[in-house]
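Taking it in order: structure first as structure tokens, then the write-up.
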2 protein chains.
Amino acid sequence: MRLSQFFVPTVKEIPADAAIPSHQLMVRSGMVRPVAAGVYAFLPLGLRVLQNVIGIVREEMNRIGAQEMLLPALSPVELWQRTGRVEAFGETLFHLKGRPLVLAPTHEEVVCELARTHIASYRDMPQIWYQIQTKFRNEPRPRSGVLRGRQFLMKDSYSLDATPEGLDRAYALHAGAYARIFSRCGIRYFVAGASSGAMGGTGSQEFMMESESGEDVVALSTGGRYAANMEVATSAMGASRWTPDDAPVSEVHTPGVRTIDELAAFLGVTHDRLAKSVVYQGGGKPVLVLMMGNDLLNEAKLASVLGTDVRPVEAERLRSLTGADGGSIGPVGLRGFTILADERLRGGCGLVSGANRNDYHLAHIDLARDCAIEGYHDFRTVQEAEQAPDGSGPLRIARAIELGHIFKLGTKYADALGATFLDERGAGAPVVMGSYGIGLERIIACHIEQHHDADGIVWGASLAPFDVQLIAVGGRSAAVAETAEALYSEMGEAGIDVLFDDRADTGPGFKFKDADLLGMPCQVIVGERNLAAGQIEIKERGTGRRSLVPRAALTANVKELVTRKDEAWNQ
Amino acid sequence: MRLSQFFVPTVKEIPADAAIPSHQLMVRSGMVRPVAAGVYAFLPLGLRVLQNVIGIVREEMNRIGAQEMLLPALSPVELWQRTGRVEAFGETLFHLKGRPLVLAPTHEEVVCELARTHIASYRDMPQIWYQIQTKFRNEPRPRSGVLRGRQFLMKDSYSLDATPEGLDRAYALHAGAYARIFSRCGIRYFVAGASSGAMGGTGSQEFMMESESGEDVVALSTGGRYAANMEVATSAMGASRWTPDDAPVSEVHTPGVRTIDELAAFLGVTHDRLAKSVVYQGGGKPVLVLMMGNDLLNEAKLASVLGTDVRPVEAERLRSLTGADGGSIGPVGLRGFTILADERLRGGCGLVSGANRNDYHLAHIDLARDCAIEGYHDFRTVQEAEQAPDGSGPLRIARAIELGHIFKLGTKYADALGATFLDERGAGAPVVMGSYGIGLERIIACHIEQHHDADGIVWGASLAPFDVQLIAVGGRSAAVAETAEALYSEMGEAGIDVLFDDRADTGPGFKFKDADLLGMPCQVIVGERNLAAGQIEIKERGTGRRSLVPRAALTANVKELVTRKDEAWNQ
């Protein structure tokens, strides 16, 4: 491709709205342009990268026996009502005016309907169906370029099985395919335990990349063996030992004491004797959750237990519900609440908690004896430096970007939509589903986040839009122009993808800067002085290493360089 | 691909809502399934065909130097307001609830915005940009399967030029590419002059296929040299000769005379002396159009002249506007109307028309002398058997399906959106645009319309999802099973795409019926009796010709058959 005829509108300035390197570089290199908030056009250079990503994804999905189809973006709203997801997605679901249609943000419903209509027997399964298709989400705050947009390309796949074991197999196949996809795309990633969120189901994992600009927070053990989204992360906090305490509940005057630290100091007890109350609203009744000492409640874990979104109850309402302010609220004698407790408090006795009366607490609480606890669950937010639950060392808390997400859905959708089949004994049973997604533009952005420097992008071989940028400098020299033209043909015939900077009216400085910005793995520079000595310069973008090669050996040298890189990435 | 593991839900019954062969066969062969009215899922077999189409389209677009990009479906409504197309598209434009976004039915606005931002100089052109992307149109009556859906894949391209001559070149390049695309896709098509409609611009042509189920009507000369959409078709109707008539206008009592035929008989004159008045509403004032004799007004031509949609004025309103009923209305002395006349009446005198008084007509009308005609245009609907305007013989009126449409837009969009560049003299000028579209699913449906028989689809080689359907019959014979497996590998290694009907529980009759329905160009049948004689049967789907080939020569034979067909289609 000749740059003089290729629409690549590069820009020197960093776009005002672009905070992260991938966003800046995708705009500056002319890969994308915004059309509306969170809506991007892929220009020719960007599309070449996207097609490389699609090629890799397609190969790896086909390799696990997945069948490609293409499902529509328009989806009947009625289908989403039946699974309760019009509500679950809420504002992020795009509705059309004047027709009962939504723009699908994912395709469980449509796939499940296909399964309901066409999967009659256990013999019709297993099936893995996938598509590479545009998704729509009405993000309230689109940002970070293509990382969080309102429309984006996704590879989504769905497994249909007769048994949970079948689902386990399909899930494992996907985990393998995803690992190969991200490796081949040159991304350093990790796999984290994750929450199923609005998707529902029995388990899920995220493929993630550590990044300060990530929207997710994860806990990672230093060795890297343990990794989990904070929404589900746990740590090896030992269970407390409870000393039997038969004393009855008694009120203690605690004037001016507000925090757990103040309370511990005032009473002269350790934090694990204190049961802090936090109050949330979610669904029906208000919920009081008891946490040990200063342990922080993890709202995602609470939401997952309750099966609904949650929000803290405001101070005023708190007072009218309990008769006290936050800091003096407690579970004993409290009515009209769902009362839950963190797993660490299971079996707790001899505890202190709020008295539902300002400036007073209750001591000698035995949870089983004195409170109506409806359940103990893990509600705790893990903290930096705690030990990983699998013994793999202390935890580090970091931000991360989600690259892919795999879900064991189980029978949630089949139950809602009536997708049943006849099993081996001739009995009806719901189809067991899995769901698996990768954001394709996101792969590009993440690759750039990990592969760039101050001058621009540093493409890995598998995603690079071209193998080589060929630069002719010294526009007036006929020898330079002729040699560059000859090399362009020669490399093309050798199967090397070349972007030829043949612009006549652009100086060498601009050409070098553009080549570094666009980031092809290999630059071939035809200059007057070197050429006079029969030499061509090669610059490897990744290392910056420059070498001079005899004219006759140039194509063979470049071919070797390009192939070696390909192999490295594709191992 | 093994049919036992491939999701191809074939059906015997013709779907109740499917009126035309391609719709019936695409559903029956398991290529597509409806998800909502006018919204289809492409299942794995259908997607393979779609990918073949995409491959051909991409090759031919790249061949003319077009650059592929990918523009978003979400589009700011504000952009469409500025070009007046929110109104022009009306109900067919999908709007989103709660955001000022529409789903793009085409991309002139977005492309023009890109041009405005990035095309600064005549040196930045020519450009041809294309994409293969999903379009959305809120069709009031989706029908005929994928032929008229609410979402569909389109190859749309846009040319940007500095001069009208540049546009002519880009338009010619597209005409060539389209001819190659439809030929390679095995479609018998013709090119027709067309109306620019809501797109605007200075000229357009349609690539069409004759079909009884088409929504367009065209006039074709028998030799096929002349072809035009009825919206613009003309014929070689000689101009009338006018005999000067100095007599003043005089009223004639014509009791009970309603039609042109009755009037001609009553007055004893030929039809070309009669000026019939038809009245339309479109935009501002009502419009009276004079047509010669029984000539039919072509509403599309009138709309094109007025630049707005038109509708006939109702009887009641007609009476209140003119004081008379239809049949007695005329142009003389009429106020409050825009008065236009058909080209055939230019220079007309000695004419009879309505008197705007029931049962009366006026004679001796000289249009120039007696009427305030604002313009003469071609408003006439051509009729079967009239001579083509280019002398290529009598016209035939037929129904047709539009496959592609190419438009010279000129500067309409650049003017509306302010997309200007500096020309060679340094002066600002608007970008000259062209717009070119092909519906991709439509190519598949049209191919099937032309290539099917009572048993199913008869794929041409270039679109066929597989080259060969391999059928093992006689499930209990180990020799048959082994040979079929061996041939499956052997043909695969020879680069032949094989769909292997390896279903163990399906009888030969069903397998043969399915193979004919799915329509691969070549069937390879491994049967017990033939195999015992060392023979394999080949059936060519197109001709039905069967031949027996020695086992050892099978793959070479099939390879030759498949290659020969490929070449025939790809010439």
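Below, chains carry the letters A, B, ... as their sequence lines are ordered, and counting in each starts from 1.
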Tell me, side chain or backbone of A:Arg150 under 4.5 Å from chain B's heavy atoms, or both, or neither?
both

Contact origin within A:Leu153 toward chain B - heavy atom pairs under 4.5 Å:
side chain

Indicate yes or no for a side-chain donor-acceptor contact from A:Lys97 to the backbone of B:Gly98 under 3.5 Å, with no hydrogens or angles considered.
no

Using a cut-off of under 4.5 Å on heavy-atom pairs, state which of B:Leu74, B:Leu103, B:Leu114, B:Leu50 scores highest against chain A.
B:Leu74

Identify the heavy atoms of A:Ile443 and A:Leu463 that sit nearest to each other, and give their distance.
CG2-CD1, 4.2 Å

Could you check B:Glu109, B:Glu113, B:Glu87 and say which one makes a salt bridge (charged side-chain N to carboxylate O under 4.0 Å, His left out) with B:Arg82?
B:Glu113

Which donor-acceptor pairs under 3.5 Å do the side chains of residues 89-96 of chain A make with protein atoms, sequence neighbours left out?
unit_1: A:Thr92; atom_1: OG1; unit_2: A:Phe89; atom_2: O; d: 2.8

Which region of A:Asp124, side chain (C-beta onward) or backbone (N, CA, C, O), has a non-hydrogen atom less than 4.5 Å from a non-hydrogen atom of chain B, or is it both or neither?
neither

Residue A:Glu68 versus chain B: region with a heavy atom under 4.5 Å:
both

Shorter than 4.5 Å, heavy atoms on both sides: which option in A:Leu43, A:Thr134, A:Asn138 has the most such pairs with chain B?
A:Asn138

Around atom CD of B:Gln81, are there more than 12 heavy atoms of other residues, nucleotides or ligands at under 6.0 Å?
yes

Against chain B, residues from residues 31-42 of chain A with at least one heavy atom under 4.5 Å, in numeric order, are A:Arg33, A:Val35, A:Ala36, A:Val39, A:Tyr40, A:Ala41, A:Phe42

Checked A:Arg123, A:Arg48, A:Gln51 vs chain B; the most non-hydrogen pairs under 4.5 Å come from A:Gln51

Between A:Arg148 and A:Arg143 (side chain of the first, backbone of the second, donor and acceptor by atom type, cut-off under 3.5 Å), is there such a pair?
no

A:Arg2 (side chain) donor-acceptor with A:Phe500 (main chain) under 3.5 angstrom:
no

Does B:Lys135 have any side-chain hydrogen bond (donor to acceptor under 3.5 Å, both in side chains) partners at least two apart in sequence or in another chain, and if so, which?
B:His107, B:Gln133, B:Asp156

Please identify, among A:Arg99, A:Met69, A:Gln5, the residue contributing the most non-hydrogen atom pairs under 4.5 Å to chain B.
A:Arg99

Counting heavy-atom pairs under 4.5 Å with chain A, which one of B:Gln131, B:Gln67, B:Glu78 comes out on top?
B:Gln67

How long is the straight-line distance from OG of A:Ser435 back to CD of A:Glu108, given to the nearest 0.5 Å?
3.5 Å

To the nearest 0.5 Å, what is the distance between CZ on A:Arg63 and CE on A:Met61?
12.0 Å

With sequence neighbours left out, the residues meeting side-chain hydrogen bond (donor to acceptor under 3.5 Å, both in side chains) with A:Arg169 are none

By a 4.5 Å heavy-atom criterion (distance strictly below it), what part of A:Leu70 contacts chain B: side chain, backbone, both, or neither?
both

May I ask you to say whether A:Arg28 pairs ionically with A:Glu13, meaning some side-chain N is under 4.0 Å from a carboxylate O?
no

Answer with side chain, backbone, both or neither: which region of A:Leu45 has an atom nearer than 4.5 Å to a non-hydrogen atom of chain B?
neither

Proximity breakdown for A:Phe6 and chain B, heavy-atom pairs closer than 4.5 Å
both

